[in-house]
Every structure is written in structure tokens, then in C-alpha cells.
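One structure is given below, encoded as C-alpha cells.
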Amino acid sequence: MAAKIIDGKQIAAEIRAELKNEVTTLKAKGITPGLGVILVGADPASMSYVTAKERACDEAGIYSDDNRLPAETTEEELLALVDKMNNDPKINGILVQLPLPKHIDEQKVLLAIDPDKDVDGFHPTNVGKMVVGDKAFLPCTPHGIVQLLMRTGVKLEGAEVVIVGRSNIVGKPLANMLIQKSETGNATVTICHTRTKDIAAHTRRADIVIAAAGFPNTVTADMVKDGVVVIDVGVNRVEDATKKKGYRLVGDADFEAIKEKASYITPVPGGVGPMTITMLMYNTVESAKMAGK
Ligand code: GUN
């Protein structure tokens, strides 16, 4: 079977068009959704994510307050900026780009964000609400993955889903979303990680495999069954002298080999990536709607 490619750019563009309409309606009521973005340091991957977020907000008509701080910024200075944004009515969502430099306590910073402005969905209040199935800001990458699956028509109810990777940003929240008693859930979920005895034994029986481990070739063709749906969350740079930049981006799954076996697969880039930013904008618009009520 030759897989159909799930076009994340296309699905993201559809949702962004819906959001742009919502922003136009909100602006007519005098409400402009606003996102505060904080980047500490100059990690190249983080810088390109943040630039892409700012550009996407601009295109959708969302105001963005961009703050690029030096790597030596203190925890106190960062907390003071978060506090300022918590109290700024123009800001509906606050995004502190992770990872933060080692001298800053990441959990302390995430806890300082007003849960009503936590558009990343990382605050324990929102994580707790998500787990019990209450309305909450959902973390953007897993929420984007659920949207990709839903909008592609992949059946989740009763599906065997195996997630490879247990991060707080992807694996753990995605598992929680997919087991909810709802039309975007009802799946049977297994999480594999570095201490799993035999990852392939799990992935081979999966209807849907989510590759979110952070290493190229974590999921190979011999590890999946015919007709599997593979969602690749990885973004890894591998050296490639034929490219101008000297590297190319690959995911965590062996795309070329798996696409001969799968029913659907996401490419890297152009799969999950565009969805993450889109769901961030979705949360910011939702937050503006709540604040405007
Ligand atoms: N670093 C990698 N992914 C994310 C994300 O979704 N949000 C934030 N704030 N930082 C990240």
C-alpha cells in the first residue's frame, strides 16, 4: 500500500482561515486577540519557532508582543515580565518558549503564568482540567495531532494507538486527550519510552503510531503493520552536504520506507509542525473570546 500523505500545511491553512474570520468578527466588537511571546537566549530552533509564531499571528490579525531576552536574563526578571503580561489586558495569551536556560526554574515560570492566559496549556491547573475532561487550554502539539487525525477522517474510537515518547509537551498530554470519553478520544492508548522492553512488539499491533521520541529512525518499517497511520512529531537536523544550510530536517519515523506500508503518514517538515502554531493561535482567540465576555 502506498500511503496518503497527510498535508499539515493544508489542514493548518484551513483552520487559520477559520481563525482569521473569527478575529475579524472579534475586532468588529472592539476585541483584538493578543499574544505575549518570550524567548530567552538564542537557540536557533527556538528562534525559528518564535519567528514563525509571530508571522502567523500577524497573518491572522492577532496582536503579538515579542520579547527576545538575552541568555543571562535572571529568573526574577523573567517572572517580572510574566507578571506584567498577566496584568496587561491587551495580552490574552502568554507563551514562554521552552527550553529555558539552565539557571531558570522552568516549572516556577510556568506556574507564574495566569492559567486563563496559559495558551500553551502547560500550567498544572490546565493539565489537571484536561486530565479530568473539563474545558481547558489544550497543549498545542497534541491538540494539533488530534485535529490532523479528525480532519483526515481517521477513526479514533476503539483504535489501538501507540505513542513512542513520554514528554510533558507531547506524549503525556496526547495520551490523555485520546482516552477521553469524547468524539476526539475513545482510543486505547499505550505509551512507550526508553525503558520499554520491546517497543516494536507494541507498535506492530497499533492502528495509529505517534513517533515523538526526538530521535531519527525511532520507528522503522519493520515496526509497523500494513495500513498503519503514522504521525511523526520529530524535527531532527541531519547533516546533508547537498543542502545549502548543510543539513536537512527529518522526523522520528523512517518516512521513505514506512510510506510503502502505511495508509496515512505525515511528512517532516509540513506535517505536525504547522499545526502546533495554528493551535496556539486557536487558544489565543479562545482566550480573547472568554476575556471579552
Ligand atoms: N518548545 C517546544 N515546543 C514548545 C511549545 O509547544 N511551547 C513552548 N512554549 N515551547 C516549546
Side-chain angles (χ1 to χ4, degrees), residues 8 12 15 34-57 62 64-69 71 73 75 78-79 81-82 85-86 91-102 104-115 117-127 130 136-148 163 165-174 176-177 210-215 231-237 249 251-252 266 268-269 271-284 286-287:
I15 302 175
L35 177 69
V37 179
I38 306 174
L39 170 64
V40 185
D43 173 64
S46 291
M47 282 170 72
S48 63
Y49 287 140
V50 165
T51 303
K53 283 167 192 169
E54 290 160 356
R55 196 178 309 136
C57 281
I62 297 171
S64 75
D65 176 9
D66 309 325
N67 296 268
R68 297 184 183 224
L69 309 178
T73 301
E75 191 175 278
L78 179 55
L79 289 170
L81 180 55
V82 168
M85 289 183 173
N86 280 341
I91 301 291
N92 304 108
I94 301 171
L95 179 131
V96 179
Q97 183 66 32
L98 304 179
L100 287 167
K102 295 229 169 357
I104 298 178
D105 180 344
E106 211 158 86
Q107 278 308 315
K108 198 167 168 187
V109 174
L110 295 181
L111 262 177
I113 297 173
D114 179 346
K117 297 192 177 187
D118 170 38
V119 286
D120 254 328
F122 292 163
H123 191 287
T125 296
N126 283 314
V127 176
M130 173 193 67
F137 290 120
L138 298 176
C140 304
T141 301
H143 193 191
I145 292 169
V146 171
Q147 286 296 317
L148 279 181
I163 302 172
R166 58 175 157 183
S167 71
N168 288 340
I169 295 182
V170 183
K172 286 185 207 164
L174 181 61
N176 270 291
M177 286 180 210
I210 314 285
F215 297 98
I231 304 292
D232 193 345
V233 190
V235 184
N236 306 293
R237 289 182 180 191
L249 293 180
D252 289 356
T266 59
V268 177
V272 174
M275 295 299 289
T276 297
I277 296 176
T278 303
M279 301 326 290
L280 177 74
M281 293 194 292
Y282 173 89
N283 282 347
T284 305
E286 285 298 301
S287 180

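Numbering of ligands and ligand atoms starts at 1, following listing order.
Residue contacts with ligand 1 for L280 are absent, since no atom lies close enough (heavy atoms, distance under 4.0 Å). The proximity of L98 to ligand 1, defined as any non-hydrogen pair under 4.0 Å, involves the side chain as well as the backbone. Here F122 has side-chain heavy atoms under 4.0 Å from ligand 1, and that is the only part of it that gets that close.
The protein non-hydrogen atom at the shortest distance from atom 3 (N) of ligand 1 is I169 CD1, 4.1 Å.
Of the possible polar contacts, none joining the K117 side chain to the G36 backbone as a donor-acceptor pair under 3.5 Å is found. Checking side-chain atoms of D232 against main-chain N and O of D252 turns up a donor-acceptor pair under 3.5 Å. Although no hydrogens or angles enter the test, the distance criterion places no donor-acceptor pair under 3.5 Å between the side chain of N176 and the main chain of V127. A donor-acceptor distance shorter than 3.5 angstrom exists from the side chain of S287 to the backbone of N92, with no hydrogens or angles considered.
Around atom OH of Y282, no more than 12 heavy atoms belonging to other residues, nucleotides or ligands sit under 6.0 Å away.
Taken from NZ in K53 to CG in D66, the straight-line distance is 11.5 Å, to the nearest 0.5 Å.
Close N/O approach between Q97 and ligand 1 is found [any backbone or side-chain N/O within under 3.5 Å]. At least one N or O atom of V96 sits closer than 3.5 Å to an N or O atom of ligand 1.
When the heavy atoms of V37, L110, D120 are ranked by distance to atom 6 (O) of ligand 1, first place goes to D120.
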